Amino acid sequence: MNQHTKNDILKLVEEEDVEFIRLQFTDMFGNLKNIAVTANQLERALDNGCMFDGSAIDGFADIEGSDLYLHPDLSTLEIFPWRPQQGKVARLLCDIYRADGTPFEGDPRLVLKRVLKEAEALGYTFEVGPECEFFLFNTDENAMPTTETREQATYFDIGPLDEGENARRDIVMTLEDMGLFIEASHHEIAPAQHEIDFRYGEALATADNIMTFKLAVRTIAKRHGLHATFMPKPKFGVNGSGMHINMSMRKDGKNIFEDKSDPNGLSMEAYWFIGGIMKHIRGMAAVTNPLVNSYKRLVPGFAAPVYIAWSTANRSSLIRIPAEGRGGTRIELRSPDSAANPYLTFAVCLKAGLDGMMHRIEPPRSVDCNIYSMTDEERHALGIRNLPGTLHEAVEEMKTDRLVLDVLGKHIAEKYIEAKEAEWQRYRASVSEWEIQEYLYRY
């Protein structure tokens with residue numbers, strides 16, 4: 001992470017011929033927003049003088065007290081490689097504050113910062129490695145997105161079967177130009193589905209990188225005449241897009257999840273962290289899987305978790321302990337999807353894990369066989385519960401989980417629940433193509 005000063009940024013902008021600076025922030029639904037200023041207004045912006053109307057952003061502020069201010073994080077300056085090289089465009093990610101200088105309680109980035117400070121006070125550093133999946137679909141004659149693709153490539157296929165290979169290569173090169181360290185990229189299991197993995201890192205920087213990642217993916221895909229979507233399940237009958245989250249905790253520079261004397265290589269802190277996640281995962285689901293469509297992915301048969309269990313061996317479980325590699329001992333949570341707000345997702349994951357560690361919540365025994373192949377009776381005998389099956393069920397679980405509500409804070413929790421209940425009601429009132437095909441002729 002670059003530790004720029006205000007003068008560093010002013011000098012760099014002048015030397016690099018940067019004309020526009022985008023002051024970016026994220027709303028509670030994980031959508032990136034921005035206000036652009038010209039270089040001659042940059043000093044005012046760096047002095048936190050850029051104000052906007054918070055009532056114009058869903059879930060942010062009401063008409064009263066809607067004046068909000070952007071406070072740029074100076075370490076996040078990046079020049080967009082895809083913009084003109086004369087009169088360049090750069091960005092700064094921002095935190096949001098009220099006019100009186102207090103943090104705005106509806107800012108997801110500040111929610112994550114708050115939980116990270118709790119962990120820091122206990123001596124912990126939270127590190128995260130995401131696995132981001134997305135689809136590259138064709139656009140129509142009006143450049144509007146479709147769910148169509150000509151390719152039939154699958155897991156790890158190469159060109160010419162993988163028709164998105166060139167776009168994915170350009171995306172990777174663009175991300176590296178923006179300072180992200182890309183570890184791997186490949187075609188995923190469904191036609192037109194891709195995955196790009198970047199280096200494990202401190203949670204706030206990783207959440208920032210996910211927002212940068214999504215912007216770059218969409219931008220470069222469009223240049224190739226494609227539409228990139230992070231919608232969890234855009235097509236029936238194929239796998240959806242997840243955002244598996246690999247997590248570890250460090251104290252005094254040491255990975256505290258590692259214990260080579262344990263048969264699974266896990267410390268008690270790791271077991272307790274797993275226990276906390278499993279305790280709160282149903283209440284977290286409306287954050288980690290935030291859309292009506294998210295629950296079309298969380299069904300048996302498409303490599304996404306459905307049941308609340310953990311394992312060192314199989315990928316049908318909610319939590320997996322990957323074989324130790326260069327990333328060291330870590331916990332992989334497999335339920336989050338690519339539509340999730342990374343700031344809120346990391347915040348609830350960390351808080352749930354800390355709850356497990358503070359209260360020494362031991363998880364049940366690992367389930368090292370295919371849970372999908374079990375009968376309901378076998379799962380019940382092992383105490384294996386299901387993840388929520390719908391957004392409505394997930395929101396109801398969130399309402400009863402005090403830890404998740406406390407992480408989000410009163411402002412976000414109330415606005416988020418209100419928005420998701422409205423989303424569910426719109427979905428319930430809609431008439432789908434499936435219903436037309438199933439019932440129109442017959443009845």
Side-chain angles (χ1 to χ4, degrees), residues 1-5 8-9 12 21-36 45-46 48 50 57 70-82 89-97 103-104 106-117 119-120 125-132 134 171-172 174-183 196-220 228 230 243-248 287-288 290 336 338-350 407 412:
M1 183 177 289
N2 298 315
Q3 299 301 320
H4 295 302
T5 66
D8 290 337
I9 290 178
L12 187 149
I21 300 91
R22 297 188 179 275
L23 306 175
Q24 298 183 332
F25 60 97
T26 302
D27 71 11
M28 70 179 184
F29 306 114
N31 298 309
L32 194 62
K33 306 287 187 178
N34 78 213
I35 295 173
L46 296 178
N48 306 326
C50 191
I57 307 295
L70 296 176
H71 287 208
D73 182 334
L74 305 188
S75 69
T76 64
L77 179 72
E78 293 291 345
I79 296 174
F80 290 154
W82 59 81
V89 179
R91 76 93 201 270
L92 284 162
L93 295 174
C94 301
D95 296 320
I96 305 171
Y97 283 74
F104 173 55
D107 181 3
R109 197 168 188 265
L110 288 173
V111 168
L112 177 56
K113 281 187 169 184
R114 186 171 63 242
V115 183
L116 289 172
K117 283 183 179 179
E120 185 180 351
T125 300
F126 184 47
E127 295 186 336
V128 183
E131 301 173 21
C132 299
F134 57 94
I171 290 167
V172 168
T174 298
L175 290 168
E176 288 188 330
D177 284 345
M178 297 186 73
L180 274 71
F181 190 100
I182 305 302
E183 293 194 329
I196 296 176
D197 303 329
F198 43 92
R199 178 181 279 177
Y200 216 73
E202 189 274 326
L204 181 64
T206 302
D208 290 342
N209 285 342
I210 290 173
M211 300 309 299
T212 300
F213 169 82
K214 288 185 174 183
L215 175 63
V217 168
R218 291 188 179 108
T219 300
I220 303 306
F230 295 92
M243 185 177 68
H244 299 171
I245 300 174
N246 295 275
M247 299 173 280
S248 67
V287 173
T288 60
S338 295
N341 182 323
Y343 300 106
L344 298 183
T345 296
F346 293 173
V348 295
C349 286
L350 174 56
V407 171
I412 288 183

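As the structure is a computational prediction, the values presented were derived from the model and not from experiment.
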**Q** Taking all heavy atoms of A339 and all of P290, pick out the closest pair and write down the distance.
**A** O-CG, 3.7 Å
**Q** Would you find a donor on one side and an acceptor on the other, under 3.5 Å apart, between the side chain of D177 and the backbone of T174?
**A** no
**Q** Hey, mind stepping through T212 and N209 against side-chain hydrogen bond (donor to acceptor under 3.5 Å, both in side chains) and telling me if it holds?
**A** CA-CA 5 Å; T212 300; N209 285 342; 5.0 Å; no
**Q** Is the backbone N or O of F230 less than 3.5 Å from a side-chain atom of S338, with the two atoms forming a donor-acceptor pair by type?
**A** no
**Q** Between T76, D73, N34, L70, which is the residue that forms a side-chain contact (heavy atoms from CB on, under 4.5 Å) with L92?
**A** T76
**Q** With sequence neighbours left out, write down each residue that passes ring-ring contact (aromatic ring centres under 6.0 Å, His included) with Y97, or none if nothing qualifies.
**A** H71
**Q** State whether D107 and K113 are salt-bridged, where the test is any N-O pair (Lys NZ or Arg NE/NH1/NH2 against Asp/Glu carboxylate O) under 4.0 Å.
**A** no
**Q** I would like to know whether M247 and F126 meet side-chain contact (heavy atoms from CB on, under 4.5 Å); could you show each step before the answer?
**A** CA-CA 7 Å; M247 299 173 280; F126 184 47; 3.7 Å; yes
**Q** If only side-chain N and O atoms count, and only distance matters, is there a donor-acceptor pair under 3.5 Å linking Y200 with S248?
**A** yes
**Q** Is a side-chain N or O of D197 found less than 3.5 angstrom from the main chain of E183, in a donor-acceptor match?
**A** no
**Q** Applying ring-ring contact (aromatic ring centres under 6.0 Å, His included), name anything that partners F198, two or more places apart in sequence or on another chain.
**A** F213
**Q** Which residue in the set I182, T219, V217 passes side-chain contact (heavy atoms from CB on, under 4.5 Å) when paired with I171?
**A** V217
**Q** So does P103 get a backbone contact from the side chain of D95, meaning a donor-acceptor N/O pair under 3.5 Å?
**A** no
**Q** Got L12 and L77 here, is their nearest side-chain heavy-atom distance under 4.5 Å?
**A** yes
**Q** Quiz question: by atom type and distance under 3.5 Å, do the side chains of D208 and Y343 form a donor-acceptor pair?
**A** yes
